[in-house]
Every structure is written in structure tokens, then in C-alpha cells.
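Structure, as C-alpha cells:
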Amino acid sequence: MKKMILMALFFGAIFFYSQSSQAQIGAYNTMVGVTGGTNVGGTVKQFITDSGALDLLVYNRWKGWVGALLFEHHWDIREFDGLEWYVGAGGHYGMWKKGKGIPPWEYKITQDYNVFGVDAIVGLEYNINHSNFYIGGYWKPAYNFADFTDLWEDDAAFTLRYSF
């Protein structure tokens, strides 16, 4: 609970600072934020072209850690000012330690293990009142090549990001 309050205060301070700054709204290169859904973690998105971005997701799931690096292509939705959608692909690497959780594959919980594989992503992002804050959501199916080879299609989360 204390962490949630501190995060709310942090983002509130950034919001009030961004309202008084002279930054060009909507023309961002870097975004940082948090994700929450089937996973909980952080994200850093860096635009490398006008519509292409690299997105690093680091999150906790089943008491283990996963990192995913994705390339995403963004398009504006002209009918809704500030709304855009994106699709992309990339890869992930995850690790779990023995006895640290009860994932769906609990028959193998007696040892440490790592997974790696490929990901796809589709999502929406909305700029809140032409500020530096963006809310969004995504769905990210993944396929593992090592340990637990299968299609994981249940990874979805909401995002809150700050651009600068």
C-alpha cells in the first residue's frame, strides 16, 4: 500500500511539473511507466523513427522475472484525438527460482529454470488531455523455445506512461 501511495505522489508531482513546462506536447521520444494486469512491472519506450519504437518491458509474474524487448509500429486513429494503436514483435527471457511460486507448471517447481522465446504485441495508447501522460493497454502472446514450450496467450496489461 505504501508503494502505491508513493507512486501516486511521484506521478502527481510529475503531472504538475509537466503542466508548467514548455515541452512540446505529443512529440515525445522517450516514455517511462508502469504496467499492471497479468503482470506487474515497468516499461521504457524509445522512439527510433517517427512511428517505430523499441519497448523494454520488465515485469514480475508467478514470482519470477521476465524481460521483453519489442519493436512496435504506431498509427494514429484520426477519429479520436490523442489515441493511437500499435503492433509489434520481439523476444523475451524469464527466470524463476525453485520454490518461489506456484506457476501453472508446478510439476517442475523443484528446480530453477529459465525460458526464452518470441513475442507479439498489439495495443492502444491515449494521451491524457494533451499532457505528458499516456494510458494504454496491450495484449502480448508469447511462445517459449526452452522449457515449457507452448503458446502463452494470456499476457495482458494496462500501462501508465510519462513522456519526456
Side-chain angles (χ1 to χ4, degrees), residues 7 11 14 24-97 100-109 111-128 130-164:
M7 286 177 62
F11 280 111
I14 290 174
Q24 181 182 0
I25 306 302
Y28 58 89
N29 286 325
T30 305
M31 301 171 81
V32 295
V34 294
T35 67
T38 58
N39 61 56
V40 176
T43 174
V44 176
K45 184 182 284 194
Q46 175 68 48
F47 275 80
I48 55 176
T49 67
D50 287 342
S51 59
L54 290 176
D55 194 359
L56 174 65
L57 298 168
V58 178
Y59 55 89
N60 183 287
R61 188 153 190 209
W62 295 303
K63 298 185 181 179
W65 288 95
V66 178
L69 183 61
L70 307 156
F71 176 80
E72 300 166 352
H73 189 81
H74 290 246
W75 292 275
D76 288 332
I77 299 176
R78 295 174 208 219
E79 292 80 14
F80 299 98
D81 187 34
L83 186 64
E84 61 187 32
W85 70 285
Y86 59 91
V87 297
H92 69 271
Y93 177 80
M95 65 183 106
W96 288 265
K97 297 290 185 185
K100 291 291 184 184
I102 302 176
W105 52 81
E106 64 183 273
Y107 67 89
K108 204 166 182 181
I109 200 69
Q111 65 186 37
D112 295 350
Y113 51 92
N114 301 322
V115 297
F116 67 92
V118 294
D119 300 71
I121 191 166
V122 61
L124 288 171
E125 277 184 341
Y126 178 70
N127 180 256
I128 303 171
H130 299 287
S131 69
N132 289 28
F133 284 94
Y134 291 76
I135 60 170
Y138 65 82
W139 174 57
K140 188 179 73 61
Y143 184 83
N144 289 328
F145 293 128
D147 284 338
F148 317 111
T149 56
D150 200 3
L151 179 64
W152 295 21
E153 47 194 54
D154 65 340
D155 198 356
F158 292 100
T159 60
L160 175 62
R161 302 180 200 222
Y162 177 78
S163 66
F164 53 95

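Counting begins at 1 with the first residue of the sequence.
For Val122, the side-chain contact (heavy atoms from CB on, under 4.5 Å) partners at least two apart in sequence or on another chain are Val87, Trp139. In terms of the side chain to side chain donor-acceptor pair (under 3.5 Å) criterion, residue partners of Thr35 (sequence neighbours excluded) are, by chain and number, Asn39. Residues that satisfy the side chain to side chain donor-acceptor pair (under 3.5 Å) test with Glu153, not counting sequence neighbours, are absent from this structure. Evaluation of the side-chain contact (heavy atoms from CB on, under 4.5 Å) rule for Ile77 yields Glu79, Phe80, Leu83, Trp85, Leu124 as partners, not counting sequence neighbours. Phe116 pairs by the ring-ring contact (aromatic ring centres under 6.0 Å, His included) definition with nothing, not counting sequence neighbours. In terms of the side chain to side chain donor-acceptor pair (under 3.5 Å) criterion, Tyr126 has no residue partners (sequence neighbours excluded). Residues forming a salt bridge (Lys or Arg N to Asp or Glu O under 4.0 Å) with Asp154 (at least two apart in sequence, or on another chain): Arg61. For Asp76, there are no side chain to side chain donor-acceptor pair (under 3.5 Å) partners, not counting sequence neighbours.
Between the side chain of Thr43 and the main chain of Leu57, no donor-acceptor pair closer than 3.5 Å is present. With hydrogens and angles disregarded, no donor-acceptor distance shorter than 3.5 Å links the side chain of Asp119 to the backbone of Ala142. In this structure, the side chain of Gln46 engages the main chain of Asn29 through a donor-acceptor pair within 3.5 Å.
Taking OH of Tyr138 as the reference point, atom CD of Glu125 lies at 11.0 Å (rounded to 0.5 Å). Note that the OG1 atom of Thr38 and the CH2 atom of Trp152 stand 10.5 Å from one another [nearest 0.5 Å]. How far OG of Ser51 is from NE2 of His73: 3.5 Å, rounded to the nearest 0.5 Å.
Within the 4.5 Å cutoff, the side chain of Asn127 has no heavy atoms near those of the Glu84 side chain. Leu160 has its side chain within reach of Phe133: a pair of non-hydrogen atoms, C-beta onward, lies under 4.5 Å apart.
Taking both residues in full, the closest heavy atoms of His92 and Tyr143 are given as CE1-O, 3.6 Å, listed atom of the first, atom of the second, then distance.
Cation-pi contact between Lys45 and Tyr86: present, with separation from the ring centre below 6.0 Å and deviation from the ring axis of at most 45°.
Residue-environment remark: CZ (Phe158) stays at or below the threshold of 12 foreign heavy atoms within 6.0 Å.
Looking at Arg161 and Asp55, a side-chain N of the basic residue comes within less than 4.0 Å of a carboxylate O on the acidic one, giving a salt bridge.
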Hey, mind stepping through Thr159 and Tyr134 against side-chain contact (heavy atoms from CB on, under 4.5 Å) and telling me if it holds?
CA-CA 8 Å; Thr159 60; Tyr134 291 76; over 6 Å; no

